[in-house]
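Only heavy atoms go into these numbers, but all of them, side chains included; no hydrogens, no water, no symmetry mates. This is a predicted model, so every value here is computed, not measured.
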Amino acid sequence: MSHDPSRLQAARQQSPSALAFLSRFFAAESAGGLILMAAALAALLVANSPWAATYFSTLHIKVAGLSIEHWVNDGLMAIFFMLVGLEIKREMLAGQLSTWGQRALPGFAALGGMLVPALIYVAINWGNPQTLSGWAIPAATDIAFALGVLSLLGKRVPVSLKIFLSALAILDDLGAVVIIAIFYTSGLSVSMLLASLAVIALLVILNRCGVRKLWPYLIAGALLWFFMLQSGIHATLAGVILALCIPLGNPEDEHNSPLLYLEEKMHPWVAFAVVPIFGFANAGVSLTGISPSNLLEPVPLGVALGLLFGKQIGILGLGALAIRSGLAQLPQGASWLQLYGVALLCGIGFTMSLFIGALAFPGAPHLVDSVKVGVLLGSILSALLAVVVLMNAGKAKASN
């Protein structure tokens, strides 16, 4: 049987290679969110399969004095928080949050989106001191998930709404960092705390002296992480503090900006490795024995309702107040219905909500499992409703 070389060449050109497909996929804005969704789904499937015992026992294997779960939650997540810190500093100094006018709408929306979910959780868990400590769980938004879902909608959503969501999520992350630092710190070691302060002073001196090489900051950051781990303050905060000390330099020239260079190098590792690993290690919950009545227990109910209703009420409510009072404007090219869709989308609280849940109930694994159920339920419902609203809002706008 003979082969026509020209036909073979044409066939190769028409069928893109797997490598080209992967390159396009990882370059897409939605890629990180999709991989995180896949990791969460995989964790749920494994936790409810014959490999469940292996999955849970592996997380408790000790390595260098800490369990694998501990390394993921305190070690890898410090890298995640470092990237969050870099993004916060960049946006505050030279980005979407560099002026008070730009901060008004996402600032009001973020405040409402943290306050109302917390109040809903507190109302449902009032009178139970053990579960009340989880009040901050529904106050967080998962930017990777939310932007991933928003990106899947393509041109149905104006670019201004994506910018608004990014700014809101960054301020939301900043609020979560403050909450963790103030409310989820216990058993302080004075000597380790003083050592941490000494390293922070060193980082500030490096910044003030104009040191632009990254390696002194990274070495000091590793020391800071160790001292904070031993101090009783959550070690992930070391990542944020280190990031805030990295010099921005010239924001117009990425090659001469240590902050922008580090952010660019870290982003794919965090999006495609750190966050999915965290999701896989923390989303696994056995659904054996869980009935609809369990969903009405105070913790999962408070978390789910906080994410589903608290986020949309708080974000849309205070956002509308800022717009109506003249302090802010509706994002350019966006309708009120689209703004509502984004408010719903912020009910996806996956990564940060699971993280805060683990901090809130360190000695109560059954409550941590309840948190996972509430987070998954609230996040899934919020995502589905947001997609429906945003698709309909896009159609309504196109028909006008």
Side-chain angles (χ1 to χ4, degrees), residues 36-37 39-49 52-53 55-60 67-70 72-74 77 113-114 116-142 145 176 179-180 183-184 186 234 278-311 346-385:
L36 178 55
M37 293 176 203
L41 179 60
L44 269 176
L45 293 175
V46 171
N48 293 277
S49 75
Y55 169 80
F56 290 112
S57 62
T58 300
L59 290 175
H60 293 95
S67 68
I68 289 178
E69 185 177 28
H70 205 165
V72 170
N73 290 348
D74 283 22
M77 286 302 283
M114 298 187 80
V116 179
L119 290 175
I120 289 176
Y121 182 94
V122 168
I124 292 173
N125 286 269
W126 190 257
N128 189 335
Q130 185 185 19
T131 63
L132 205 55
S133 61
W135 61 271
I137 296 167
T141 293
D142 190 303
F145 253 127
I179 287 171
I180 292 168
F183 297 101
Y184 295 107
S186 60
H234 205 273
F278 172 85
F280 183 75
N282 286 272
V285 56
S286 175
L287 301 178
T288 305
I290 292 181
S291 64
S293 62
N294 295 126
L295 301 177
L296 299 178
E297 292 175 358
V299 170
L301 186 63
V303 171
L305 294 185
L307 289 171
L308 180 58
F309 294 109
K311 279 290 183 182
C346 289
I348 304 174
F350 191 78
T351 304
M352 198 69 83
S353 292
L354 291 178
F355 184 74
I356 294 175
L359 297 180
F361 307 121
H366 66 288
L367 289 179
V368 174
D369 282 347
S370 294
V371 168
K372 293 176 182 179
V373 172
V375 168
L376 289 170
L377 181 62
S379 297
I380 290 170
L381 291 175
S382 295
L384 292 175
L385 287 173

What's the shortest heavy-atom distance between [X] and [Y], and which atoms?
X	Y	value
Phe280	Ala39	CD1-O, 3.7 Å
Ala47	Ala52	O-CB, 3.4 Å
Ala43	Gly279	CB-O, 4.1 Å
Phe56	Gly284	CE2-O, 3.8 Å
Gly306	Pro117	O-CB, 3.4 Å

Got a second to check how far [X]'s [atom1] is from [Y]'s [atom2], nearest 0.5 Å?
X	Y	atom1	atom2	answer
Ser353	Asn282	OG	CG	12.0 Å
Leu384	Ile348	CG	CD1	9.0 Å
Asn73	Leu359	CG	CG	8.0 Å
Ile356	Ile180	CD1	CD1	5.0 Å

Just wondering, are more than 12 heavy atoms of other shown residues or ligands nearer than 6.0 Å to CZ in Phe309?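 Open: at most 12 neighbouring heavy atoms sit under 6.0 Å from CZ of Phe309.
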
Candidate list Leu308, Leu305, Leu307, test side-chain contact (heavy atoms from CB on, under 4.5 Å), partner Leu381, passing option: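 The residue from Leu308, Leu305, Leu307 that satisfies side-chain contact (heavy atoms from CB on, under 4.5 Å) with Leu381 turns out to be Leu308.
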
Side-chain contact, heavy-atom cut-off 4.5 Å: [X] with [Y]?
X	Y	answer
Leu354	Phe278	yes
Ser49	Leu45	no
Tyr121	Leu301	no
Val299	Val373	no
Leu59	Val72	no
Val371	Leu367	no
Lys372	Asp369	yes

Kindly list each side-chain donor-acceptor pair under 3.5 angstrom involving residues 132-142, sequence neighbours excluded, with atom names and distances?
residue, atom, partner, partner atom, Å
Ser133, OG, Gln130, O, 3.1
Ser133, OG, Ala360, O, 3.4
Thr141, OG1, Lys311, NZ, 3.1
Thr141, OG1, Cys346, O, 3.0
Asp142, OD1, Ala144, N, 3.1
Asp142, OD1, Phe145, N, 2.9
Asp142, OD2, Thr351, N, 2.6
Asp142, OD2, Thr351, OG1, 2.3

Ring centroids only, cut at 6.0 angstrom: are Phe355 and Tyr184 within range, meaning strictly under it?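 Centroid separation for Phe355 and Tyr184: 6.0 Å or greater.
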
Carefully, step by step, assess Thr131 and Glu297 under the rule side-chain contact (heavy atoms from CB on, under 4.5 Å). CA-CA 11 Å; Thr131 63; Glu297 292 175 358; over 6 Å; no

